[in-house]
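Written out below as structure tokens is the structure these notes cover.
Remember, it's a predicted structure, so these values are computed and weren't measured experimentally. Chain letters run A, B, ... following the sequence lines, proteins first, then strands; residues in each count from 1.
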2 protein chains.
Amino acid sequence: MRERQTRQLDATYAVVHAAHDHPTAEHVHERVQQRLKRISLGTVYRNLQKLVAQGRVRVVRIGPRSARFDAMLEPHEHFMCEICDEITDLSSAVAVPIRRTSLRRRGYNVTGQTTTFFGTCPRCARATRSN
Amino acid sequence: MRERQTRQLDATYAVVHAAHDHPTAEHVHERVQQRLKRISLGTVYRNLQKLVAQGRVRVVRIGPRSARFDAMLEPHEHFMCEICDEITDLSSAVAVPIRRTSLRRRGYNVTGQTTTFFGTCPRCARATRSN
DNA sequence: CTTTCTGCAAACTCTTTGCACTCGT
DNA sequence: ACGAGTGCAAAGAGTTTGCAGAAAG
């Protein structure tokens, strides 16, 4: 046997899959603890790594803070609000796959891509204006 | 007076500006030390922050390792090789500005964007094939 | 039973910071 | 000479890891 199915792994995946807010490892830990009170942060980190290696979860590295996790596997883009730090999903542009082809012609092997927009989200933009 | 022009700040900017390989803070430190032997890593970090705040340098946060710095201010995309960790510049797609407009219509205030492709660069792709 | 996984705590990496001193202006 | 900037070393955040014991198959 190679990989075991543990409560900790299942719960970690369930939390990331249910989340729609790109949680950090610490967020995931807090949420998993609601079900498994004794799970440690180290285990959450190990299981997140495992899920990423299995391709069931993706890492989103944006901004100066911690890595964030996402079980949305369909290609999509992100918007990061520099005021509230919230990351929202954007539906993917149609134009993008074309660029991959041109890179492949130049000898690159492209396995992934991310586009992130930065700025102020509508909610924070409104709040800023009214202050 | 507000900001002073120190040897350390000048040298830090000169190194980033001359670099074409997206150096980490530690890289920048090593290179600046060739001219100012007593400069500390903390000072390099503080000066890199200052340059970023001034808009003379950009931070590139890709991959699990440290932040990397770039004085190339024209819009461009990145390719990160997952084997050798090298980040290369790609000329920017023409299609991208269009998407910003559509985000603005939805209430986002867009101040920046990055697109990164992941995979294997031509050199590593060749090396892998021949092994 | 065997081997992987876990909890815990310590270690590690990257970055920031407090303090006394230095150096631009 | 005033105060922003510096070097140094210690502290912080985020993440990884060694180990002894727990538990999946």
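Under the side chain to side chain donor-acceptor pair (under 3.5 Å) criterion, A/Thr111 pairs with B/Glu82, sequence neighbours left out. Under the ring-ring contact (aromatic ring centres under 6.0 Å, His included) criterion, A/Tyr108 pairs with B/Phe79, sequence neighbours left out. The side chain to side chain donor-acceptor pair (under 3.5 Å) test applied to A/Arg31 returns A/Asp21, not counting sequence neighbours. Remark: A/Ser40 engages A/Thr43 in a side chain to side chain donor-acceptor pair (under 3.5 Å) (not counting sequence neighbours). With sequence neighbours left out, A/Phe118 forms a ring-ring contact (aromatic ring centres under 6.0 Å, His included) with no residue at all.
For the pair A/Arg4 CZ and C/dC1 C1', the interatomic distance rounds to 11 Å; values are reported in whole Å. Following rounding to the nearest Å, A/Gln8 (CD) and C/dC5 (P) show an atom-to-atom distance of 11 Å. The interatomic distance linking A/Asp85 (CG) with D/dA13 (C1') rounds to 14 Å, in whole Å. Taking atom CG on A/Asp10 and atom C1' on C/dT4, their separation rounds to 15 Å, with Å as the unit. To the nearest angstrom, C1' of D/dC2 lies 14 Å from CZ of B/Arg2.
Sequence neighbours left out, not one pair with a member in residues 32-47 of chain A passes salt bridge (Lys or Arg N to Asp or Glu O under 4.0 Å). Listed by first and then second residue, the salt bridge (Lys or Arg N to Asp or Glu O under 4.0 Å) pairs involving residues 5-14 of chain B amount to none (not counting sequence neighbours). Counting only residues at least two apart or on different chains, the ring-ring contact (aromatic ring centres under 6.0 Å, His included) pairs with a member in residues 18-74 of chain B are B/His22-B/His78. Residue pairs meeting the salt bridge (Lys or Arg N to Asp or Glu O under 4.0 Å) criterion with at least one partner in residues 48-76 of chain A, sequence neighbours excluded, are A/Arg65-A/Asp85.
A/Val59 and A/Leu90 fall into different hydrophobic clusters, where Ile, Leu, Val, Met, Phe, Trp and Tyr residues are linked whenever their side-chain heavy atoms come under 4.5 Å apart, directly or through other members.
For residues 29-39 of chain A, proximity to DNA chain C is found at A/Arg38, A/Ile39, defined as any non-hydrogen atom under 4.0 angstrom from a strand atom.
Proximity of A/Lys50 to the phosphate of C/dT4: no side-chain N or O atom is located under 4.0 Å from OP1 or OP2. In this structure, B/Gln5 does not reach the D/dG5 phosphate: none of its side-chain N or O atoms is under 4.0 Å from OP1 or OP2. Of the side-chain N and O atoms in A/Thr43, none sit less than 4.0 angstrom from OP1 or OP2 of C/dC5. Of the side-chain N and O atoms in B/Thr6, one or more sit less than 4.0 angstrom from OP1 or OP2 of D/dT6. Checking the phosphate oxygens (OP1, OP2) of C/dT6, no side-chain nitrogen or oxygen of A/Arg7 falls inside 4.0 Å.
For the residue pair B/Glu3 and B/Gln54, a side-chain donor N or O sits within less than 3.5 Å of a side-chain acceptor on the partner.
At its two ends the helix from C/dC1-D/dG25 to C/dT25-D/dA1 runs along axes set 30° apart, each axis drawn from five pairs and the angle rounded to 10°.
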What does the list of N/O pairs under 3.5 Å between the protein and nucleotides 12-16 of chain C look like, with a distance for each?
unit_1 : atom_1 : unit_2  : atom_2 : d
C/dT15 : OP1    : B/Ala67 : N      : 3.0
C/dT15 : OP2    : B/Tyr45 : OH     : 2.4
C/dT15 : O5'    : B/Tyr45 : OH     : 3.3
C/dT16 : OP1    : B/Gln49 : OE1    : 3.3
C/dT16 : OP2    : B/Gln49 : OE1    : 3.2

